[in-house]
Every structure is written in structure tokens, then in C-alpha cells.
Amino acid sequence: MPTIFYGEHMSQRTVTVDGKSISTDGSIIRDVVRDKRAVAARIDGRLVDLSTPLADGQDIATVPADSDEGVHIIRHSAAHVMAEAVKQLFPDAKPTIGPATEDGFYYDFDRGQSFTPEDLEKIEKKMEELVKADLPFIRKDMDRQEAAAFFREKGEPYKVEIIQDMDDEVCDVSLYEQGSFVDLCRGPHVPSTGYIKAFKLLSIAGAYWRGDEKNRMLQRIYGTAFGSPKDLKSYLNFLEEAKKRDHRKLGRELDLFMFSDDAGPGLVIYMPKGGRLRSLIEEFEKRLHFRRGYDIVYGPNILRGRLWEISGHMDNYKENMYFTELDSQLYGIKPMNCLSHIMIYKSKVRSYRDLPLRYFELGSVTRNEKSGVIHGLLRTRQFTQDDAHIFCRPDQLIEEITAIIDMVAEVMAVFGFSYDMEISTRPEQSMGSEEMWNMATQALKDALDKKGLPYDINEGDGAFYGPKIDVKIKDAIGRSWQCATIQCDFNLPERFDIHYVGSDGERHRPVMLHRVILGSIERFIGVLIEHFAGAFPVWISPVQAVVMNITDAQAGYAADVADRLRKSDVRIELDARNEKIGYKIREARQQKVPYMVITGDREKEEGTITVRERSGDQQTMTVDEFVKIVREAQPVV
RNA sequence: GCCAGCGUAGCUCAGUGGUAGAGCAGCUGAUUCGUAAUCAGCAGGUCCAGGGUUCAAGUCCCUGCGCUGGCUCCA
């Protein structure tokens, strides 16, 4: 192994640091970096340690602790410190991998036993000691074979496996040592453990080696670290905030939906207010689709097994499906809505003039989700999609895709979501020719390119019958959720042998688009709840206003106002209980009702109402004026 | 499905192997009040289910179910 003596050349050098030219007799980058917050540096776009030797004429950019890259490096270093702590406390734990993530870091260990919450505390304490000791991170470059031998001797088989699985052309690997711990690692790292000023261990979880469920389950410890204690604190606050917005908690508190152990896991039961919310969204969707040339259709929930064989579901989707038997015939409970729509298409001879045909269905689908993945409204075993299938000619394909992209944009604007898009390509489990897949994928790309919209590629994540554009919406606290998806399918038209008669009098094969805008209504409602923290916009609020009197003297007037509002389609509740107005307001606020309509003696005398908003602002007006305000909150689509 | 933790009143949660508890919500009564909780009383339990250990189990052990956090999978 070549040894570098950093102090070897004591000559003067001229380097550029963050755009400033510096003349130095120092030998490593750290010698010329004035910025105390610097944790690493960038040379020619490459991230390096501050201990990297200086070379004459180098252009150095420092990476501060509070930058995205800096935080990433701190987290990665924290993962190493955690591994050292674990090795000291539990010598039998074999380290595997420990990367930084978007909001923290983790390290996976192979160990006979699991870690307990008490272990977590011990590990955190030990980490604090290691940070206090301010141990330097020392990089060592090592020949690949030598490194493999080194880890084999240390009894760390996972590191050996990682080295052996590297590309053939890799000759040297780098190791980082701090204190008693050496890890295979590309780096860079902070100069010493003392740079890790704000960290916290969060949870223990199981994780498969290399993410494959056929492999051994490892013990993962999650933690997070930041450039400063202040940033760590604000992240922990953010987690608290997210907890308060949890749709499962709000769903119960606002009486929207429930789950019942007796009914079964992953099966949503809508309570009256949740039912109202859902029906409002569905009404909105029906209008939306009618106005854009869609037809509303309904298909059965179970279809013959034979049909699922033709569609390829039996070969590609069977493990997600439920089956039943009727008159000793096999039936599949639908996990998707496409088959009935294909039946509708097939029911007549179609002319090229008839296309595109757009069939829309608020279709409930049932999928056998593994027990461990079920999660409130966001992952259920039965859900309703705002599903549509568009049958079109190949020459109409791009136009139809772009129309859907526009529709997604309009709907997301109505709800106030921003979003990113990605294209998912052919998965391993799939059917059809390579040519079809290429055509379909190209069509999706062309449509996005034509609109000038940016997108990522998600290799191998398409549906089994075709590639898709996935829309990931971002909620109010920055988390992203998949809702809309647009799938391009050349497969099912062929399998069901559907066709249209072209202008040439010949039969031609149409193309099929599968698409959803909100995706699963359940999931979308879950995201809506968290996005608005339960304080829905007026137009979808299950209760838009609570009418309340101040004393029994205005009970009759309040009932009269309530009646007038109800007859004007304002969704109201009347709170005529013998309680103080402060108490009624408190309850309405907790229920996140947008308006409180207060009727005291003053209002009764003038024939008005006082309307209090969620913000606390209030105004006295007539019932008609208030009705107008509520009506105008309805979006036009 | 896998790993770990958890399961007590409608909700949030206390509970040392020895009589099942609190706050809020609910119900009843009093109070008639102007912008985030009026007072008093009452009622509320298969301690997730089944089995085991024990003189005795909410508490310890086993199995199942469910939930939570992850992993894999996904709208």
C-alpha cells in the first residue's frame, strides 16, 4: 500500500478556496480552509475529505455543515460512529451497510438477537462518548484483494461480499478508520467525530440484506443528524407536526372513517362525515369527466376466471387477487377495472370515427395486500379508483396522453398540490413484445417532451401490461405520494383481439390508455386530510358551518337560520345546546369547521348572522350573503 | 409475508402476581351566559382472543388476531 507523507513537500502553493486565491505552505485542504463550518470540500466537482493533500493550482469549494451535501456527509459519518458504538457494545454484531438517507441515516447489522429500545439508548450514549473523544476519520486506500482479506480476517463477511461483488475494473478501495472502527467506504467524511454535533437515534427495524426478501433479515437502526442542534430540533418538531396531521388520528377525531377488527384489516368503513366528503369528491369527478368527453360506466365486481386468463392477470397478478366460485365456475374479484371496459368496447363494431372512446368508472377494486403493508387509508385491501380507459387510434395517442396530463394539472391546482412526474419502464414480471413496450414508452416520453415537462425514469416499475407516467404529489409538509398514473397499453387490445374499422375498410388495432387522476379515492382522502391537517377547503368540508345560539332566547331564530341555510344547500349543523358560546366555538374549531354562524340577540333583532371564520375574523351579514360566499367556494372545472 | 414494539372505558393513558383507575367524551340536573372548556352528580370494563403456570394473572409463559414503526410490495 502506497504511503503518503502529507508533510513531505513544504513548498509554497497557490490554490483557490471558494473563489479566493490563497498562497499557502500548508499541506492539506484543511490548512487553507478558514470557514469553521466546513466539513468537506469539492475539487473539480468531486467531494473529498478536508485531509486531502493540496496540489498547486487546485480550485477548492468548501462544503459547509448546513448545506445539503454537508448534512449528508455528517449523517454518513454519524452512521460510522453508530457502527463503532454498536461494535463496542455488541461485538457479535456484523456491520453490513450504513448510508445517509434523505432525512437521516441507518446502519444494518447481522446479529442473532434484535436490538431493544434500551439498547438504542445505550448506543446513543456510547455515540456521545465517541463524539466527545473527537476521533479523527482517517482514510486509507487499499488494494481490493488486500481489503477483502482484511475484512475476512476481522470476521466481517458482508464487507467481503461487497468487495467481491464490485465491478471487475475496480482495483483499489478506500477504508475509513475512526477510533476502533474501520469501514469500507467511498467517503468523504467529516475530519473527526467531534463534527457530529446534533444527532438522535430514532427506531429499530428489520431489513433484508440487499433489500431482497429471500435474504436474511438484518437489524436496522435508524437515526438522524444535522449540522446544528437547532436544525435537529426543527426536524423533530416536524415529526411531531406530521404526527398531529396523521390521517388515522384525524379520521377518528373528525368522525370520517373507521376500521373494525371484526370487519377485517385494510377495509375502510366510512362514517357519515367521511361518506359526505367522499361523495363530494366523487360528484366533482363526475362533472370533471363528463365535461371532458368521458362516458360513465359500471362493471361487476367479479368476472369469470377465463377472462382474467385472457388478460394475463392469472399469469402476472394472481397473487394479488381473490377468487370465488359460483355454480362451480371460477370467478376473480376485480383488482382492476379494465376488463368490463374492454367488454363494452367489444360489444359493437367500432369505426375509426368513433375513437377515442373514454370510459370512466369510480370502480372499487380488491387486492390482496400483504398484511404488513396495510396503512390507514393510504394502503387498503379494497379501494375505489377514479379509473378510465381510453381506446384510441395510434395517431391519437399523444393527444390523448397530453389531455390527461393537462387534466392532472387542473385537478391538482384545484386541491393545491404540486407534483413531480416519472416514467416507469418494463418490469421483470410483464408480458408482450419488446417492440410494443418500446412504442408505448416512447409515446409517454413524447407527450411529456411535447409539453416540456421534466420527468425522471424509474426503471422496471411499470405495470405488467405497459409502461406508465406516475404523478407524485407533494403535501403541505413536503412528503410525496403517488396518486395519478397514466399507463400506455398495446398488450390488452391484442390479447382481447379488439379492433376498429379504418378509413381503408380494414381492421386495425386500437391502443389503450389506463389512467387515474386521484388514483385511489381512499388514498387521496388520506393525503387530503394530512395536507390540510383536517381543515378542508369549504367546498369539500363535510360540515361547512355550525349555527350556534348564545342563549335559549335565540334557539328559535338559530333553528330558522339553520333551516334556511340547509335549504340553500349549505352543509350545516345546529348547536342549540345549553352551553356557553365559547364552548361551542371551541368544539367547532376542534372539528375544523370552516364557518361558525352566531345568532345572538343582536343578530335576531336585525335579522342577520355573524359569520366567524377559522382565522377568527368575523363579519355580520345576511343569510343570503353568506350562502353566496359558500357557493362561490365551489371550483369550476 | 418478514423483523421489532404494542393491545386496559368511546378517546388519551396510569396500574409492584393479591378488590379495575384518572382526565376528556357520554348521561342527568342546576346555570341562560357574546367568541377555545360553567358547576354538581351518575353511568361506563370479556383488561384483544384462546390456552398454560400459580393458592391467586390486566401483570408471567405459549398460540392466534389486530395495531404501530420498518423491510419487501404498491394506487
N/O donor to acceptor pairs below 3.5 angstrom from side-chain atoms of residues 201-209 of chain A, sequence neighbours left out:
from, atom 1, to, atom 2, distance (Å)
A:Trp209, NE1, A:Glu161, OE2, 3.3

### Message
Measuring only the C1' atom in each nucleotide, how far is B:U19 from B:G45? A whole number of Å is fine.
### Response
15 Å
#### Entry: Stretch residues 234-251 of chain A: residues that reach within less than 4.0 Å of RNA chain B through a heavy atom
A:Arg248
### Task
Considering just the side-chain nitrogens and oxygens of A:Arg612, establish if one lies under 4.0 Å of OP1 or OP2 belonging to B:A36.
yes
### Query
Taking the six-membered ring for Trp, are A:Tyr107 and A:Phe109 parallel (under 30°), tilted (30 to 60°) or perpendicular (over 60°)?
parallel
### Query
How would nucleotides 70-75 of chain B be written as a contact map, 5' to 3', with B for base contact, S for sugar-phosphate-only contact and - for no contact, using protein heavy atoms under 4.0 Å?
BBBBBB
### Query
Tell me: NZ of A:Lys214 to C1' of B:G1, nearest whole Å?
13 Å
Side-chain polar contacts of residues 405-416 of chain A - donor-acceptor pairs under 3.5 angstrom, sequence neighbours left out - could you list them?
from, atom 1, to, atom 2, distance (Å)
A:Asp406, OD1, A:Lys451, NZ, 2.8
A:Asp406, OD2, A:Lys451, NZ, 3.4
A:Glu410, OE1, A:Arg292, NH2, 2.3

### Query
Taking the six-membered ring for Trp, are A:Phe360 and A:His289 parallel (under 30°), tilted (30 to 60°) or perpendicular (over 60°)?
parallel
### Query
Heavy atoms, side chains only, cut-off 4.5 Å: are A:Pro95 and A:Tyr158 in contact?
no
### Query
Of all of residues 89-126 of chain A, which get a heavy atom below 4.0 angstrom from RNA chain B, listed by number?
A:Ser114
Ignoring hydrogens and angles, write down the donor-acceptor pairs under 3.5 Å from the side chains of residues 469-476 of chain A, residues two or more places apart or on other chains.
from, atom 1, to, atom 2, distance (Å)
A:Asp470, OD1, A:Gln482, NE2, 2.8
A:Asp470, OD1, A:Thr485, OG1, 3.0
A:Asp470, OD2, A:Ser424, OG, 3.2
A:Asp475, OD1, A:Ile477, N, 2.9
A:Asp475, OD1, A:Gly478, N, 3.1
A:Asp475, OD1, A:Arg479, N, 3.0
A:Asp475, OD2, A:Arg479, NE, 3.3
A:Asp475, OD2, A:Arg479, NH2, 3.2
A:Asp475, OD2, A:Trp481, NE1, 3.3

### Task
Classify the nucleic acid contact of A:Asp552 as base, sugar-phosphate or nothing, counting any heavy atom under 4.0 Å across all strands shown.
base
With 3.5 Å as the limit, what N/O pairs link the protein to nucleotides 12-14 of chain B?
from, atom 1, to, atom 2, distance (Å)
B:U12, OP1, A:Arg252, NH2, 3.0

With 3.5 Å as the limit, what N/O pairs link the protein to nucleotides 22-29 of chain B?
from, atom 1, to, atom 2, distance (Å)
B:A25, OP1, A:Tyr583, OH, 3.3

### Query
Taking only residues two or more places apart in sequence or in another chain, which ones pass side-chain contact (heavy atoms from CB on, under 4.5 Å) with A:Gln429?
A:Asn316, A:Glu319
### Task
Quickly work out the A:Asp575 CG to B:U35 C1' distance and round it to whole Å.
13 Å
### Query
Hey, is the side chain of A:Gln618 pairing donor to acceptor with the base of B:G34 inside 3.5 Å?
no
### Query
A:Asp261 has an atom CG; how far is it from atom P of B:C67, in whole Å?
6 Å
### Task
For nucleotides B:A57 and B:C71, find the distance between their C1' atoms and express it as a whole number of Å.
36 Å
### Task
Would you jot down, in residue-number order, the residues of residues 540-550 of chain A having a non-hydrogen atom under 4.0 Å from RNA chain B?
A:Ile550
### Query
Between A:Ile374 (CD1) and B:C67 (P), how many Å, whole number?
6 Å
### Message
Within this structure, what is the CD-CE distance for the pair A:Glu603 and A:Met621, rounded to the nearest 0.5 Å?
### Response
11.5 Å
### Task
Using the ring of A:Phe105 (Phe, Tyr or Trp, six-membered ring only), decide whether A:Arg75 places NZ or CZ under 6.0 Å from its centre and within 45 degrees of its axis.
no
### Task
Using the P atom on both, measure B:C73 against B:G26 and round to a whole Å.
47 Å
Solution key, residues 232-244 of chain A side-chain donor-acceptor pairs under 3.5 Å, sequence neighbours excluded:
from, atom 1, to, atom 2, distance (Å)
A:Ser234, OG, A:Asp231, O, 3.1
A:Glu241, OE2, A:Arg245, NE, 2.8

### Query
Hey, does A:Ile572 have a side-chain heavy atom less than 4.5 Å from the side chain of A:Val597?
no
### Task
For the residue pair A:His389 and A:His514, categorise the inter-ring angle as parallel (less than 30°), tilted (30 to 60°) or perpendicular (more than 60°).
perpendicular
### Query
Thinking salt bridges, do A:Asp165 and A:Arg210 make one under a 4.0 Å N-O criterion?
yes
### Message
If the condition is side-chain hydrogen bond (donor to acceptor under 3.5 Å, both in side chains), which residues does A:Asp212 pass it with, not counting sequence neighbours?
### Response
none
### Query
Do the ring planes of A:Phe90 and A:Phe115 sit parallel (below 30°), tilted (30 to 60°) or perpendicular (above 60°)?
perpendicular
### Message
Using whole Å, what does the distance between atom P of nucleotide B:U35 and atom CD1 of A:Ile585 come to?
### Response
8 Å
## Note on the structure
Rounded to whole Å, the CZ-C1' distance (A:Arg589 to B:A37) equals 13 Å
### Task
Give a yes or no on whether the ring-centroid distance for A:Phe257 and A:Tyr270 is below 6.0 angstrom.
no
